[in-house]
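These notes are about the structure you will find just below.
It should be emphasised that the depicted structure is a prediction, and the values quoted were computed from it without experimental measurement.
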Amino acid sequence: MFRVISGRSVQAARLLAPRNAVLVEAVRGRKSRTDPVAKSKVGRIKVPPPVDPVEMLVLKERYSEYELIMRALRLEFKEEVLRKKYEEETGSQAEERARQEEEEHRALINWNDEENLRMLKARILRVQKEEEEAERKKMEAAIQREQQLEESIRLREKEILQLQEEAKNFITLENLDQRIEDALDNPKNYNFAVDKEGKVVKRTVLQ
């Protein structure tokens with residue numbers, strides 16, 4: 001004979017029952033699609049329970065927050081489990097890889113320091129060359145200005161000498177009478193015509 005039990009008593013019965021006993025759990029049967037409607041439910045109209053909009057909005061917000069929190073927790077737990085598993089499986093490999101990365105990092109730091117030193121030396125050399133070039137150009141400009149000044153002084157001296165030479169033929173109060181007599185004794189005729197080559201072709205006779 002089978003005993004039918006349900007609910008929490010099933011677990012207690014499992015613990016207290018003899019080893020050879022057979023337990024049968026009560027399972028509620030379901031109607032097939034061809035079974036008629038129960039007489040107690042004939043003519044009944046199913047009306048859904050009323051829903052409060054405010055309460056529904058609050059529930060949706062809380063459920064969204066609940067989903068976000070649970071998703072974050074699941075991801076956190078999953079990440080922790082995977083990390084522990086990875087550390088257990090590749091612990092020695094991780095240490096070796098960390099050591100290699102540390103050595104590579106130190107090598108890169110040393111290379112960076114050497115490169116910075118090389119760039120500093122190149123920069124210092126370039127600045128020195130630029131300063132020397134600027135000094136050379138400055139000296140060349142000063143020499144050029146000095147040469148121009150000397151050339152200007154030489155031209156001024158030449159002009160002064162030429163004016164002094166021309167001043168000997170200037171008409172002054174001392175030689176005014178002599179110049180008048182010379183002009184009367186040696187008249188000059190400036191009334192003439194020239195051709196395209198500059199030769200005098202026709203000259204009028206002084207009266």
* **Test: Arg99 and Glu103 ion pair at under 4.0 Å** => yes
* Using a cut-off of 6.0 Å, state whether more than 12 heavy atoms not belonging to Arg83 lie near its atom CZ. => yes
* Between Arg123 and Leu120, does a side-chain contact (heavy atoms from CB on, under 4.5 Å) hold up when you go through it step by step? -> CA-CA 5 Å; Arg123 190 183 305 110; Leu120 178 61; 3.5 Å; yes
* Any chance you could measure Glu79, atom CD, to Leu82, atom CG, to the nearest 0.5 Å? => 8.0 Å
* Quick one: CD on Gln144 to NZ on Lys137, what's the gap to the nearest 0.5 Å? -> 13.0 Å
* Asked: Would you call Arg106 and Glu102 a salt bridge, taking side-chain N to carboxylate O under 4.0 Å as the test?
  -> yes
* Within one Ile-Leu-Val-Met-Phe-Trp-Tyr cluster: Met139 and Leu149, side-chain cutoff 4.5 Å -> no
* **Sole residue of Val51, Asp52, Val58, Leu57 in side chain to side chain contact (heavy atoms under 4.5 Å, CB included) with Glu55** => Asp52
* Asked: Any chain of hydrophobic side-chain contacts (each under 4.5 Å) joining Tyr66 to Phe77?
  -> yes
* Glu146 side, atom CD; Ile153 side, atom CD1 - distance, nearest 0.5 Å -> 9.5 Å
* Structure fact -> Sequence neighbours excluded, the answer for side chain to side chain donor-acceptor pair (under 3.5 Å) partners of Glu151 is Arg154
* Honestly curious: do Leu161 and Leu155 fall in one hydrophobic cluster under the side-chain, below-4.5 Å linking rule? -> no
* Glu150 CD to Ile143 CD1 distance, which is reported to the nearest 0.5 Å -> 10.5 Å
* **Pair Glu140-Arg136, salt bridge (charged side-chain N to carboxylate O under 4.0 Å, His left out): steps then yes or no** => CA-CA 6 Å; Glu140 290 179 355; Arg136 184 183 63 80; 2.4 Å; yes
* To do: Hey, could you give me the CD/CG distance between Glu181 and Leu176, rounded to the nearest 0.5 Å?
  => 10.0 Å
* To do: Check the pair Glu159, Arg156 against side-chain contact (heavy atoms from CB on, under 4.5 Å), reporting the backbone distance first and the verdict last.
  => CA-CA 5 Å; Glu159 291 177 357; Arg156 297 294 182 273; 4.1 Å; yes
* **Gap between atom CD of Glu131 and atom CD of Gln128 - 0.5 Å precision** => 7.0 Å
* Verify salt bridge (charged side-chain N to carboxylate O under 4.0 Å, His left out) between Arg118 and Glu115, making sure each step is shown before the conclusion. => CA-CA 5 Å; Arg118 185 184 66 81; Glu115 190 68 15; 2.3 Å; yes
* Asked: Within a strict 4.5 Å, meaning less than it, do heavy atoms of the Ile69 and Leu73 side chains meet?
  -> yes
* Asked: Does a salt bridge link Glu80 with Lys84, judged by any charged N lying under 4.0 Å from a carboxylate O?
  -> yes
* Kindly write out the residues that satisfy salt bridge (Lys or Arg N to Asp or Glu O under 4.0 Å) with Glu174, not counting sequence neighbours, or none if the list is empty. => none
* Asked: Is a donor on one side and an acceptor on the other found under 3.5 Å between the side chain of Ser152 and the backbone of Gln148?
  -> no
* Residue pair Glu67 / Met70, side-chain heavy-atom distance below 4.5 Å -> no
